[in-house]
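See below for the structure under consideration.
Each chain gets a letter, A, B and so on, in the order its sequence line appears, and its residues count up from 1.
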2 protein chains.
Amino acid sequence: MKRKAAPTSQACSAQELEDALSVLDGRWKTLIIYHLFTAPVLRFSDLRRAVEGISQKMLIQQRRDLEADGVIFRKVYPVVPPKVEYGLTKDGLALRPALQALQDWAKSRTPPKA
Amino acid sequence: MKRKAAPTSQACSAQELEDALSVLDGRWKTLIIYHLFTAPVLRFSDLRRAVEGISQKMLIQQRRDLEADGVIFRKVYPVVPPKVEYGLTKDGLALRPALQALQDWAKSRTPPKA
DNA sequence: CTGGATCCTATTGGATACTG
DNA sequence: CAGTATCCAATAGGATCCAG
């Protein structure tokens, strides 16, 4: 679901949390970001292979959202076979601790079943 | 969107991240958890007022998911006017650093516009 | 290679009425 | 008070075809 600007008009800082989540929401965003941690930059096709399972549409769409949110940057090379590289911006990189914390949580909590 | 078990069958630990996100996904889950940080336990109506904007259906539904994921517990009092209290489990509380990190990120990144 | 545009379906989530 | 059930609208996301 799309979390738009929270209607929370109060002083409640749950607002900030919503703000952060709104950036990461979407089935693939976090995955895209995650994979961008593994390399300085990735090309479109690299990302598509990395995320694996993502449709072209989603990769473009969610990538664009992330770009709009200033999390990832896009560098286009004006060459014959189009070449575009994507990478994390300052804000994107700053997201690492948070994602790491989530990942740690997933690992540490009462082991599911497997 | 519902993030079901990631089909990622590889050794890639993006899986863990997905796992964590799947628990928090849903428009209100993080908000519910967030508000449960503010008190040891909250009653149904308390939560409803706290989250504010959430429909009864969503509160029940998402709360139940969180319960199923072992993030929050539910204590029913067999009294005349039904009384049920909700609180965070061990795993739920362990989620705090992660959510805090996200919140910090939201605050620290290039100030939007407001 | 990158990515835009459509069509289409599953899911999400909101409103409301009803029950113990 | 807490929870359920149903009807409905909005949206996310997948497949596919087209274009620079």
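- Of the side-chain N and O atoms in A:R43, one or more sit less than 4.0 angstrom from OP1 or OP2 of C:dT2.
- Residues of residues 73-82 of chain B having a heavy atom closer than 4.0 Å to DNA chain C, listed by number: B:P82.
- Computed from coordinates, the A:I32 CD1 to D:dG13 C1' distance equals 13 Å when rounded to whole Å.
- Rounding to whole angstrom units, CG of residue B:D25 and P of D:dT11 are separated by 17 Å.
- The line from CG of B:L47 to CG of B:L31 is 10.5 Å long, rounded to the nearest 0.5 Å.
- Looking only at side-chain heavy atoms (C-beta outward), B:Y34 and B:V51 stay at 4.5 Å or farther from each other.
- With respect to A:D19 and B:R109, a salt bridge is recorded, a charged nitrogen being found less than 4.0 Å from a carboxylate O.
- Taking atom CD of residue B:Q61 and atom C1' of nucleotide D:dA5, one finds them 12 Å apart after rounding to whole Å.
- Under a 4.5 Å side-chain heavy-atom criterion applied to ILVMFWY residues, the cluster that includes B:F73 comprises B:V41 as well.
- Rounded to an integer number of Å, the gap from A:R63 CZ to D:dG13 C1' is 17 Å.
- Taking B:R49 as the reference, B:D46 meet the side chain to side chain donor-acceptor pair (under 3.5 Å) condition, with sequence neighbours excluded.
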Can you name the atoms? Protein N/O to nucleotides 14-19 of chain D N/O, anything below 3.5 Å, with the distance.
{"residue": "D:dG14", "atom": "OP1", "partner": "A:R27", "partner atom": "NH1", "Å": "2.8"}
{"residue": "D:dG14", "atom": "OP2", "partner": "A:W28", "partner atom": "NE1", "Å": "3.3"}
{"residue": "D:dG14", "atom": "N7", "partner": "A:K57", "partner atom": "NZ", "Å": "3.4"}
{"residue": "D:dG14", "atom": "O6", "partner": "A:K57", "partner atom": "NZ", "Å": "2.1"}

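- Atom CD1 of B:I60 is separated from atom P of C:dG14 by 13 Å (rounded to the nearest Å).
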For residues 80-102 of chain A, tabulate all N or O donor-acceptor pairs below 3.5 Å that involve a side-chain atom, not counting sequence neighbours.
{"residue": "A:E85", "atom": "OE1", "partner": "A:Y77", "partner atom": "OH", "Å": "2.8"}
{"residue": "A:Y86", "atom": "OH", "partner": "A:R63", "partner atom": "NE", "Å": "3.4"}
{"residue": "A:Y86", "atom": "OH", "partner": "A:R74", "partner atom": "NE", "Å": "3.4"}
{"residue": "A:T89", "atom": "OG1", "partner": "A:G70", "partner atom": "O", "Å": "2.5"}
{"residue": "A:T89", "atom": "OG1", "partner": "A:V71", "partner atom": "O", "Å": "3.0"}
{"residue": "A:T89", "atom": "OG1", "partner": "A:D91", "partner atom": "N", "Å": "3.4"}
{"residue": "A:T89", "atom": "OG1", "partner": "A:G92", "partner atom": "N", "Å": "3.2"}
{"residue": "A:D91", "atom": "OD2", "partner": "B:T110", "partner atom": "N", "Å": "3.4"}
{"residue": "A:D91", "atom": "OD2", "partner": "B:T110", "partner atom": "OG1", "Å": "2.6"}
{"residue": "A:Q100", "atom": "NE2", "partner": "A:D104", "partner atom": "OD1", "Å": "3.0"}

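- Side-chain atoms of B:Q62 come within 3.5 Å of backbone N or O of B:K29 as a donor-acceptor pair.
- Side-chain contact between B:I33 and B:L24 is present, with at least one heavy-atom pair separated by less than 4.5 Å.
- Every residue two or more places apart in sequence or in another chain that forms a side chain to side chain contact (heavy atoms under 4.5 Å, CB included) with A:Q61 is listed here: A:K57, A:M58.
- When the C1' atom of C:dA15 is taken as reference, atom CG of B:L59 falls 15 Å away, rounded to whole Å.
- The side chain of A:R64 contributes an N or O atom lying less than 4.0 Å from OP1 or OP2 of C:dG4.
- Residue B:Q62 is in sugar-phosphate contact alone, with no base atom involved, counting any heavy-atom pair closer than 4.0 Å across all strands shown.
- Residue A:Y86 places no side-chain N or O under 4.0 Å from the OP1 or OP2 atom of C:dC1.
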